[in-house]
Structures are given as C-alpha cells and as structure tokens.
Amino acid sequence: MSNGAKIALGGVVAAAVLWPLIGFWWALLVLIGVPVAGYLMLDPSQRRRIRRAGRKQIGR
C-alpha cells in the first residue's frame, strides 16, 4: 500500500470516528485544520523541501 493510500485511509477512519462524536462540520474542521496547522509550523526551508519533493513525485 502506498503512503498516499495509507494517509487517505487514515483520514477516512478519522472522519468515521469523529463524525458521530462531534458532528460533521467539527470533524471536517479537524481533518482539514490539523494538516494545515502542521504545515504552517514548519520552517521555510522545510516547506521548500516538501514542495520540491512533491514536484518530483508529479514528474515521475
């Protein structure tokens, strides 16, 4: 299983668990907000490295 598939599966499981507990909109906020907050906490050099790696994956 690829890393992207693992991440997508984890997101689906997290949504399935959070949805009945806290409601749809709060679960959606958590699922989108946590990765965005993690990205924003990176240094500029780390962000550049992630963007560069993402472009390499696209051009395979």
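FYI, the numbering just counts along the sequence from 1. Keep in mind the model is a prediction, meaning the values are calculated, not measured.
I22 and A27 make their closest contact through CD1-N, 3.8 Å (heavy atoms, listed as atom of the first residue, atom of the second, distance). Minimum heavy-atom separation, L31 to A15: CD1-CB, 3.3 Å.
Residue pairs satisfying the side chain to side chain donor-acceptor pair (under 3.5 Å) criterion with at least one member in residues 6-28, sequence neighbours excluded, are absent. Among pairs with a residue in residues 30-51, none fulfils ring pair (Phe, Tyr, Trp, His ring centres under 6.0 Å), at least two apart in sequence or across chains.
Scanning for side-chain contact (heavy atoms from CB on, under 4.5 Å) contacts around V12 gives an empty result, with sequence neighbours left out. With sequence neighbours excluded, the residues forming a side-chain contact (heavy atoms from CB on, under 4.5 Å) with L21 are V17, listed by chain and number.
From R51, atom CZ reaches atom CD of Q46 across 12.0 Å, with rounding to the nearest 0.5 Å.
Between the R52 side chain and the R47 main chain, no donor and acceptor come within less than 3.5 Å of each other.
Both L42 and V36 are part of a single hydrophobic cluster, where members link through side-chain heavy atoms under 4.5 Å apart.
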